[in-house]
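Down below is the structure, laid out as structure tokens.
In what follows, every chain begins at residue 1, and chains take the letters A, B, ... in the order their sequences are listed.
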Amino acid sequence: MSQLNQVLFHENSRVGADLKAWESTIGAQGLSKALADTAAIIPMIEQAGLRGLGGSGFPTFKKWQFVAAQPNEQDKYLICNGNEDEPGTFKDRILLQEAPHQVIEGACVTALACGINRIIFYINPDQTESISSMQTAVAQWGDSEWFNKVERALGKPLEVRVMPSSGHYIGGEETAAIESVEGHFPFPRGKPPFPAESGVHGKPTLINNMETLSNVSHIVRNGAEWFRSLGLGEATGTKIYCLSGDVLYPGAYELPMGTPLSTLINEYGGGMLMDKKLKAVFTGGPSNTILTPKDLDVPLDYENVAARDSSLGTGAMIVISEGTGIVKRVAEYVNFFAHSSCGQCPPCKNGTFYAAQLLTRIDTGRGSRADLHALKNLCNMLPGAGRCHMLDGAMKVLTSSMQHFMHEYEQAVDR
Amino acid sequence: MSGDSQQLVNVVIDGKAIQAPPTLSVIQALWHAGYPRVKGVGCLEGVCGSCRVLVRRADEDGVKVELGCQTLVEDGMQAMFLVFPNPTHHHYRLSHIQNSWDLHAQFHRIFPEVANCRHCGGCTKGCPKNIDVERGVALASQGRFKEAGDLFVECIMCNICMTGCAEEIAPNHVGLFARRVTAYFHSRPSNLIHRLEQIRTGELTIEDHDSGQ
Amino acid sequence: MGSKSISYEQALADYRVEAERPLIEQHDNKEALLSAYHPDYRADTMTTLKVGPNSGDQCHRQVAASIQADARIDEADLAGASVVETDVLVIGGGGAGCAAALVAAVAGARVILATKLRLGDSNTVMAEGGIQASIDKNDTPQMHYDDTLAAGHGYGDRSLVAQMVMDGPDVIRWLIQQGMQFDTDEFGDLLTRRAGGTSANRVCYYRDYTGLEMMRSLREAVRNSDAEVWEYSPVVELMVNEQGHCAGAVISNLKDCSYVQVIAKSVILATGGIGRMHLNDFPTSNHFGATGDGLVLAYRLGAKLRDLDSFQYHPTGLAHPHHLAGTLITEGVRSAGTWLLNGNGERFVDELKPRDVVAAAILKECAEGRGIHTNDGAQGVWLDTPGLELRNPGILKQRFPKLLNLGKKAGIDPHTSPLLIYPTLHYQNGGVAINENGETTVPGLYCVGEASGGIHGKNRIMGNALLEIISFGRRAGAHAAERRSLRGHKRVSIDHLSRLRRELTISNMPMETKGPMLFPVCAKFDDDVDYEGLRRNRRK
């Protein structure tokens with residue numbers, strides 16, 4: 001069996017916004033099973049080893065247990081996070097446009113498992129097609145019997161809505177998403193309290209990525225063992241890898257979790273463009289440590305990438321060949337973070353802004369050794385200074401680029 | 001002299017590990033340790049806003065933006081200078097605002113980003129002079145320029161609020177605009193005008209006689 | 001000096017706040033006190049100039065060394081330096097430079113303003129007191145004129161002073177038009193207060209922030225004008241045309257360590273004072289950039305200087321703690337009745353005597369072992385703020401919030417603890433000689449503000465500095481702008497340096513020191529590897 005597109009991107013799943021088409025393939029089978037035994041859902045997700053596929057890798061069942069444990073006679077919220085805004089990540093839009101029912105069904109199963117009655121599909125406003133596809137799909141579910149069945153099982157009124165997010169990168173952060181749903185600017189909040197206890201309007205709130213939720217109905221339908229067997233090695237399930245940059249065939253590939261980086265690049269990506277040498281890979285964010293040619297063998301799952309001091313992140317793999325300037329790329333990404341900083345924490349906004357200015361100066365040949373020195377100092381001082389992890393991510397990519405490619409920085413200031 | 005026994009603190013300034021007496025400012029400590037420092041140094045009295053430094057203290061989690069001439073070194077402190085040009089992209093000339101009735105509209109044309117203030121509070125939090133910057137911007141946005149400007153009395157134009165603003169509002173320039181239009185349109189001191197008239201008509205002149213010294 | 005003096009800790013332990021203290025010394029013989037202790041009067045601080053247009057004149061030792069120093073550059077340094085042409089080049093980004101640039105730009109001239117640090121980094125921003133302008137109904141420009149000349153011991157240039165005092169009210173109007181606020185009464189009339197040694201209420205002000213308010217308005221106005229601003233661009237040399245007239249300047253760009261030759265029809269020097277030369281090792285209240293560059297540049301080009309033996313030492317500069325040393329404590333604290341006490345707790349001078357007398361009396365106490373010294377080598381006498389508070393409960397909070405703020409930064413509460421003070425180098429009274437348009441004796445070269453001389457004679461009254469910078473800044477800007485119709489220079493060079501070097505050699509002067517100094521010694525500019533590019537030829 002081909003290892004490509006086995007579940008989420010399978011043709012049975014990518015049926016578009018027509019509910020009838022979904023029902024005619026595999027649709028609603030998982031939901032029916034879930035309705036029959038809601039108590040069995042969380043143990044099954046635990047056994048399956050499903051993890052947060054938005055970047056955290058946090059065991060999904062644990063989050064669910066927290067929310068399920070909160071008293072049921074109140075509203076509980078599920079935010080289906082489709083804020084997707086980071087450079088190099090483009091999986092949610094495919095899921096939402098081509099397989100909207102898959103995520104809606106997953107959200108319904110999740111709601112049943114945790115006693116959630118308010119479901120919000122929170123989608124990047126720039127992805128207008130995703131929003132309209134989801135609106136169409138949700139409307140069809142409303143006209144069908146399914147929401148009524150879920151509502152009866154829950155014993156409280158169900159509300160499902162599609163909501164454009166603010167479009168700010170920071171709006172993808174959990175607590176920022178909550179602020180946004182409440183109608184405010186997406187400022188990250190301090191934790192605790194954790195969203196599971198006190199989220200939207202102080203109610204228990206679960207936030208999962210679209211890809212995570214898309215897997216749920218399949219797990220319930222086919223069982224935990226099936227899901228475990230999809231992954232390679234210790235890893236479970238599949239992962240959508242967003243491959244971009246200097247490869248022949250960039251694109252989103254659903255592959256077994258743990259597929260080696262070299263397989264992704266060479267077999268699916270068709271190898272390096274014009275057979276140039278691989279220089280670096282920016283992973284998921286791009287707010288992580290850079291991977292280099294010596295990491296080509298790394299199996300792309302959470303543990304193995306972490307063992308290389310990096311992180312799988314969203315699964316975005318931005319591949320850079322010799323001939324592309326690292327400084328220019330890092331300048332671009334740090335600039336992105338500088339513009340994305342929400343403003344609440346002065347060191348984050350000022351620090352990323354300063355770093356971006358220094359990088360641009362160095363990249364455009366106007367930099368000095370002193371600028372390089374200043375960048376290093378920023379990398380030493382700033383991590384941990386922000387309320388959320390954005391600043392840390394920006395500093396991580398900067399730090400690792402300076403570790404691996406100092407000679408390029410030095411060339412840039414000495415020319 | 002007992003000066004030798006004075007205890008020293010360990011600090012890292014711009015990546016350089018330095019030992020200095022705790023009575024020195026960040027700038028002075030750098031000089032004290034023999035390092036050159038020219039950029040980012042100004043009045044040394046906390047009114048010119050040149051010496052912005054990022055500061056991380058040993059016993060604190062966060063990082064603050066402060067003034068290097070006003071911040072004393074402490075044991076375990078890390079500091080680095082933030083020296084970068086940040087001209088505002090807002091341009092206006094007072095003489096181009098023909099009519100003060102038009103001021104409110106002109107303000108929003110010159111500072112269109114003010115309408116986007118997300119009230120994150122970063123400007124106020126970062127201000128080394130403890131100005132309620134965000135409130136000042138809000139007042140200016142409502143056309144209450146005198147009130148807004150009065151909040152910025154101690155503003156030293158260090159630009160920390162400007163580089164810290166996620167919407168690129170340039171709050172310090174908003175505050176200064178509020179102050180300047182208040183003077184330009186509303187300050188008409190009659191004692192000054194009378195004196196100017198006395199000089200114009202030649203009523204008052206200087207007679208050059210020996211001043212007695 | 002001060003070796004037998006009392007330690008800070010001991011003096012603080014001995015200090016008692018008291019409601020009455022006798023004055024133990026009258027200092028009736030002012031001349032004897034000054035000549036023994038005031039730096040300007042001490043024979044060992046002065047020297048005679050050997051080269052240049054002021055040869056034979058008395059000059060302060062350190063200033064003399066600076067204006068008779070070798071240049072920083074050779075012609076070879078200019079290889080590859082780009083050339084830019086403009087009508088008016090303003091050097092200095094303080095109040096005087098901004099006023100000149102604004103007026104010249106409005107008049108239609110192409111203007112470049114080059115400043116060593118950032119626009120607005122200057123002594124202007126630190127001026128607290130206010131600006132003199134004869135506006136009060138009980139005042140006249142004539143009284144302003146008389147006061148100014150009298151304070152300057154009669155050494156001021158009469159026509160310059162006359163013009164400046166008549167400019168006063170219009171200067172205030174112009175500043176309001178730039179968006180500067182002043183304190184006003186309930187009817188919107190300008191409030192005025194009296195400066196020491198003057199005969200009427202004449203100082204217009206904005207709280208304790210007059211200079212800051214002026215500078216930020218002017219900076220914003222310049223930023224929004226057609227004048228081009230070059231920051232971190234100290235001038236290292238002026239340039240001359242074939243007739244020896246000023247024809248531009250060589251500017252070093254600290255950002256990319258390169259030189260730029262700016263060819264200009266007029267050059268306006270607005271470089272400020274010399275506090276950071278730390279004459280006789282005095283602390284200073286001056287800005288970091290106040291290193292007297294303009295004096296050096298103008299003198300080399302042949303411009304006449306004047307009154308270079310006269311500086312102002314403000315009696316009450318903070319001496320402790322170290323990081324605030326030199327910070328000025330406003331004269332208002334003394335005029336409110338605060339006493340000065342030596343280490344034995346004695347009142348040794350009438351605090352309301354003129355600045356030079358009070359400063360000399362403090363120096364005398366320190367010299368004779370009655371001063372107070374700290375561990376880090378500072379010395380001084382007490383400013384008895386607790387005594388003032390005892391006699392006038394609440395006065396510190398009500399009238400001197402800025403002093404309390406300073407106390408907070410120093411970790412000293414002026415309510416309960418006296419402050420250690422020592423005279424601080426405050427102002428350069430003399431400077432480059434100018435005419436009514438701010439023109440120096442070298443055609444094409446103007447000089448305005450503290451760098452110029454002639455207004456204040458040998459002593460300046462509070463508030464005249466801010467008036468001078470705007471009055472002459474505007475006049476020089478307007479006059480220089482008119483020269484834009486002149487034909488361009490045929491040949492521009494730094495040939496005047498050869499003449500300088502010949503003169504220095506013939507007079508057996510040391511050539512090791514290079515000028516202008518650009519930055520205070522403590523900043524170690526000449527050792528800073530970041531600026532290595534500016535020293536290519538000097539290292540050979």
Side-chain angles (χ1 to χ4, degrees), chain B residues 1-3 6 21 23-25 28 31 34-39 41-48 50 69-70 72 85 87-88 91-95 149 153-157 173 176-177 179-184 186-193 195-196 199 204-208 211-213, chain C residues 117-118 120-121 125-126 134-137 140-142 145-146 149-150 153-154 158 162 165-166 169-170 172-173 176-182 184 187-190 207 209 212 216-217 219-220 223-225 231-232 254 287-288 321-323 327 375-377 409 519 522-525 527-528 531:
Chain B
M1 215 163 108
S2 58
Q6 195 184 12
T23 50
L24 299 188
S25 69
Q28 288 170 328
W31 287 341
Y35 291 106
R37 182 79 218 175
V38 168
K39 273 190 201 172
V41 181
C43 68
L44 301 169
E45 278 189 19
V47 294
C48 80
S50 287
C69 71
Q70 301 294 302
L72 298 191
T88 174
H91 294 287
Y92 67 93
R93 288 189 193 178
L94 293 176
S95 56
V153 166
E154 294 196 49
C155 175
I156 54 173
M157 299 301 283
H173 289 276
L176 188 49
F177 176 91
R179 294 189 59 78
R180 294 182 75 207
V181 294
T182 301
Y184 185 80
H186 304 296
S187 187
R188 295 293 180 272
S190 60
N191 53 352
L192 172 63
I193 294 168
R195 178 53 48 93
L196 283 166
I199 290 174
L204 292 175
T205 52
I206 301 292
E207 209 180 297
D208 192 12
S211 58
Q213 284 274 331
Chain C
L117 294 160
R118 304 173 319 155
D121 282 356
V125 77
M126 299 160 76
S134 153
I135 285 161
D136 190 81
K137 61 181 187 311
T140 62
Q142 182 72 48
Y145 172 84
D146 293 342
L149 286 176
H153 303 301
R158 285 155 191 278
V165 301
M166 288 301 275
D170 194 55
I172 304 294
R173 182 188 59 82
I176 290 172
Q177 287 175 328
Q178 307 308 312
M180 177 177 171
Q181 296 191 12
F182 288 92
T184 53
F187 303 110
D189 279 5
L190 292 170
R207 304 198 191 176
Y209 299 112
L212 173 62
R216 63 190 170 200
S217 301
R219 175 172 42 208
E220 199 79 338
R223 283 270 181 225
N224 285 291
S225 75
E231 294 189 325
Y232 290 113
L254 296 188
H287 188 275
F288 179 64
H322 186 64
H323 72 284
T327 306
N375 284 338
D376 41 25
K409 284 191 274 187
F519 294 100
C522 64
K524 302 182 179 68
F525 173 71
D527 300 330
D528 196 335
Y531 306 116

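Within the 4.5 angstrom heavy-atom criterion, only backbone atoms of Met180(C) (N, CA, C, O) approach chain B. Both the backbone and the side chain of Leu192(B) have a heavy atom closer than 4.5 Å to some heavy atom of chain C. For Gln70(B), the part sitting under 4.5 Å from any heavy atom of chain C is the side chain, from C-beta outward, and nothing else. Heavy atoms closer than 4.5 Å to chain C are found in both the backbone and the side chain of Glu45(B). Proximity to chain C (any heavy atom under 4.5 Å) is shown, for Leu24(B), by both the backbone and the side chain. Both the backbone and the side chain of Phe525(C) come within less than 4.5 Å of a heavy atom of chain B. The contact between His173(B) and chain C is made by backbone and side chain atoms together, counting heavy-atom distances below 4.5 Å. Heavy-atom distances place both the backbone and the side chain of Ile156(B) under 4.5 Å from chain C.
Remark: side-chain polar atoms of Asn224(C) are not paired, donor with acceptor, to backbone N or O of Arg93(B) under 3.5 angstrom. The closest donor-acceptor contact from the side chain of His323(C) to the backbone of Thr23(B) lies under 3.5 Å. Remark: the backbone N or O of Thr182(B) is not paired with any side-chain donor or acceptor of Gln181(C) at under 3.5 angstrom. Within the 3.5 Å criterion, the main-chain N or O of Cys155(B) finds a donor-acceptor partner in the side chain of Arg216(C). Gln142(C) contributes a side-chain N or O that, together with a main-chain N or O of Glu207(B), makes up a donor-acceptor pair within less than 3.5 Å.
We find the CG-CD distance between Leu94(B) and Glu220(C) to be 9.0 Å, quoted to the nearest 0.5 Å. The line from NZ of Lys409(C) to OG of Ser25(B) is 11.0 Å long, rounded to the nearest 0.5 Å. Taken from CG in Asp189(C) to CD1 in Ile193(B), the straight-line distance is 9.0 Å, to the nearest 0.5 Å.
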> Passes ring-ring contact (aromatic ring centres under 6.0 Å, His included), Trp31(B) versus Phe519(C)? Steps please.
Replying inline: CA-CA 13 Å; Trp31(B) 287 341; Phe519(C) 294 100; over 10 Å; no
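Nearest approach of Pro169(C) to Ile199(B), heavy atoms of both residues: CG-CD1, 3.6 Å. Contact between Leu212(C) and Val47(B) at its shortest, heavy atoms only, is CD1-O, 3.7 Å. Smallest separation of non-hydrogen atoms from Ala183(B) and Gly179(C): CB-C, 3.6 Å.
At a threshold of 4.5 Å between non-hydrogen side-chain atoms, the residues Asp170(C) and Leu196(B) count as touching. Taking 4.5 Å as the limit, some side-chain heavy atom of Arg195(B) sits within range of a side-chain heavy atom of Pro141(C). A 4.5 Å side-chain heavy-atom check between Pro189(B) and Ile176(C) finds at least one atom pair inside the cut-off. Annotation: side chain of Leu117(C) is not in contact with side chain of Ser50(B) (no heavy-atom distance under 4.5 Å). Within the 4.5 Å cutoff, the side chain of Tyr531(C) has heavy atoms near those of the Val38(B) side chain.
The most heavy-atom pairs under 4.5 Å with chain B, out of Asp528(C), Leu190(C), Thr327(C), come from Leu190(C). Residue with the most contacts toward chain B among Phe182(C), Tyr209(C), Tyr232(C): Tyr232(C) (heavy-atom pairs, distance under 4.5 Å). In terms of heavy-atom pairs under 4.5 angstrom with chain B, the leader among Gln178(C), Met126(C), Arg118(C) is Arg118(C). Interface check for chain C: of the options Leu176(B), Leu44(B), Thr88(B), the most heavy-atom pairs under 4.5 Å are formed by Leu176(B). When Ser134(C), Gly120(C), Ala162(C) are compared by the number of non-hydrogen pairs under 4.5 Å with chain B, Ser134(C) comes out ahead. Of the residues considered (Arg188(B), Arg179(B), Lys39(B), His91(B)), Arg179(B) shows the highest number of contacts with chain C, using heavy-atom pairs under 4.5 Å.
The side chain to side chain donor-acceptor pair (under 3.5 Å) search around Ser187(B) returns none, not counting sequence neighbours. Legend: residues meeting salt bridge (Lys or Arg N to Asp or Glu O under 4.0 Å) with Arg37(B), ordered by chain and number and at least two apart, are Asp14(B).
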